[in-house]
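Written out below as structure tokens is the structure these notes cover.
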Amino acid sequence: MTQNTSSAVMQQRHEPHESLDDFPTHPWATRAFMEHVFIPRWGRPVGKSVWEPASNRGFMARPLAEYFSIVRSSDVHDYGVAPDTNGCPFIHDFLFPGTPPIIGPDWIITNPPFRLGADFARRGLEIAREGVALFVRTAFTEGVERYNTLYCPHPMALKAEYAERVPLVKGRCDPKASTATAYSWVVWRKGEEDTRFTIIPPCRKELTRPGDYDEAAS
Ligand SMILES: C[S@@+](CC[C@H](N)C(=O)[O-])C[C@H]1O[C@@H](n2cnc3c(N)ncnc32)[C@H](O)[C@@H]1O
């Protein structure tokens with residue numbers, strides 16, 4: 001096997017602590033989650049709402065709008081992009097305590113900033129009516145502290161790993177990028193506490209659509 005030395009590999013999301021963790025998700029990766037994980041288990045979310053609370057440039061919110069009837073998106077930083085969702089994106093710190101600006105979305109789905117993933121999960125569980133799904137590094141489920149403070153008190157419904165890696169790069173979605181970092185979905189759903197595991201089959205080519213990378217070119 002040849003060693004991959006692309007810039008995507010070298011970056012591997014080694015970000016300064018205070019960074020926003022600006023790593024947009026390829027649209028095909030969100031469709032893969034919906035087609036191979038969400039819909040087979042919980043059906044098409046027709047009539048349901050989702051909040052993408054770290055929406056960045058909308059690369060995850062837009063494919064979510066292909067499935068959910070209502071999509072709201074927000075981010076702590078203004079990226080100056082208007083995602084094509086049902087509601088205008090707005091500026092909001094998702095971890096700000098108190099009453100959230102959106103009450104009772106059925107789902108909260110996002111790729112959170114890496115170092116705040118556990119906080120996003122806990123906040124999401126306070127807010128979402130039905131479930132929380134986070135796109136995280138596969139190694140996210142390792143760690144004694146996270147086990148004690150997240151997975152033990154809040155058992156997951158599911159972990160889903162990608163057979164085909166999702167290459168994230170800083171500040172853009174690059175269709176030509178490659179990566180050595182593995183990503184997965186961790187999902188909490190009310191009433192499902194017996195954590196299952198599944199593998200998302202290779203589907204990048206099949207689930208990439210024309211226009212998916214338009215924002216990346218801007
Ligand atoms: C890994 S990027 C995810 C982008 C987007 N979810 C996607 O999948 O394309 C993390 C995002 O989290 C945002 N962020 C960081 N801290 C936040 C906070 N406390 N509340 C809301 N968004 C935050 C950053 O601005 C950044 O856009």
Side-chain angles (χ1 to χ4, degrees), residues 8 11-34 38 50-68 71-85 89-102 105 107-128 132-140 160 162 165-175 177 179 181-187 204 207-209 211-218:
Q11 281 189 30
Q12 291 189 29
R13 292 180 77 169
H14 289 149
E15 288 284 280
H17 188 66
E18 70 282 6
S19 155
L20 290 170
D21 203 30
D22 176 11
F23 285 81
T25 310
H26 290 257
W28 71 265
T30 300
R31 292 190 192 107
F33 170 67
M34 293 305 297
F38 190 106
V50 63
W51 179 8
E52 211 291 33
S55 61
N56 193 268
R57 295 168 181 79
F59 280 104
M60 186 172 276
R62 283 188 291 275
L64 285 175
E66 297 166 12
Y67 299 93
F68 283 85
V71 180
R72 300 302 312 278
S73 56
S74 60
D75 198 289
V76 75
H77 180 72
D78 183 2
Y79 290 89
V81 176
D84 182 17
T85 58
F90 59 98
I91 307 301
H92 175 66
D93 180 345
F94 186 61
L95 301 179
F96 194 76
T99 308
I102 296 176
W107 281 85
I108 286 177
I109 300 181
T110 190
N111 168 358
F114 179 68
R115 70 189 164 85
L116 297 176
D119 296 324
F120 265 65
R122 280 186 287 265
R123 182 65 171 146
L125 288 165
E126 289 170 4
I127 296 171
V132 175
L134 302 182
F135 175 96
V136 293
R137 285 187 212 171
T138 293
F140 187 79
Y162 288 90
R165 285 203 174 146
V166 185
L168 302 196
V169 290
K170 189 172 184 184
R172 66 203 159 90
C173 243
D174 182 352
T179 185
T181 305
Y183 292 92
S184 297
W185 286 90
V186 286
V187 184
R204 176 179 181 158
L207 294 179
T208 297
R209 308 261 188 268
D212 273 356
Y213 294 96
D214 285 358
E215 291 290 346
S218 64

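Treat the numbers as computed from the prediction; the structure is a model and nothing was measured. Each ligand, and each atom within it, is numbered from 1 in the order the structure gives.
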Exercise for the section: Output yes when R57 and D22 qualify as a salt bridge under the 4.0 Å nitrogen-oxygen rule, no when they do not. Expected result: yes
Problem - Proximity of F96 to ligand 1 by residue part, where a heavy atom lies under 4.0 Å - result: neither
Problem - Nearest candidate to atom 5 (C) of ligand 1, where distance is taken over non-hydrogen atoms, out of A54, A61, P24, G117 - result: A54
Exercise for the section: Give yes if a backbone or side-chain nitrogen or oxygen of V76 is under 3.5 Å from a nitrogen or oxygen of ligand 1, and no if not. Expected result: yes
Handout entry: Nearest candidate to atom 4 (C) of ligand 1, where distance is taken over non-hydrogen atoms, out of T110, N56, V136
Key = N56
Handout entry: Shortest reach to atom 7 (C) of ligand 1 by a heavy atom, considering only D93, T25, I91
Key = T25
Completion exercise
From the list F23, F120, F94, side chain to side chain contact (heavy atoms under 4.5 Å, CB included) partner of P113 resolves to F120
Fill in the blank from the handout: Note: Y79 and L20 closest approach over all heavy atoms is OH-CD1, 3.6 Å
Exercise for the section: Would you give the length of the straight line joining atom CG of N111 to atom CH2 of W185, rounded to the nearest 0.5 angstrom? Expected result: 7.5 Å
Practice task
State whether the shortest distance between N or O atoms of L116 and N or O atoms of ligand 1 falls below 3.5 angstrom.
Solution key: no
Problem - Under 3.5 Å: N/O of D22 near N/O of ligand 1 - result: no
Fill in the blank from the handout: Of T30, D21, I109, the one whose closest heavy atom lies nearest atom 2 (S) of ligand 1 is D21
Practice task
Consider every N or O of S55 and every N or O of ligand 1, then say whether any pair is closer than 3.5 Å.
Solution key: no
Problem - Residue-ligand contact R57/ligand 1, heavy atom below 4.0 Å - result: no
Completion exercise
Closest to atom 13 (C) of ligand 1 by heavy-atom distance, out of D78, D75, L134, is D75
Completion exercise
R165 and W28 have their tightest heavy-atom pair at O-CZ2, 3.8 Å
Handout entry: Taking every non-hydrogen atom, the tightest pair across S55 and D75
Key = N-OD2, 3.3 Å
Practice task
Would you tell me which option among P113, S19, S74 has the nearest heavy-atom contact to atom 16 (N) of ligand 1?
Solution key: P113
Practice task
Enter the distance from L207:CG to M34:CE here, rounded to the nearest 0.5 Å.
Solution key: 12.0 Å
Practice task
Measure across P105 and I108 and return the closest heavy-atom pair with its distance rounded to 0.1 Å.
Solution key: CG-CG1, 4.1 Å
Completion exercise
Closest heavy-atom approach to atom 21 (C) of ligand 1 among G171, P27, C173, P53 is made by P53
Handout entry: Minimum side-chain heavy-atom gap D174-P167 below 4.5 Å
Key = no
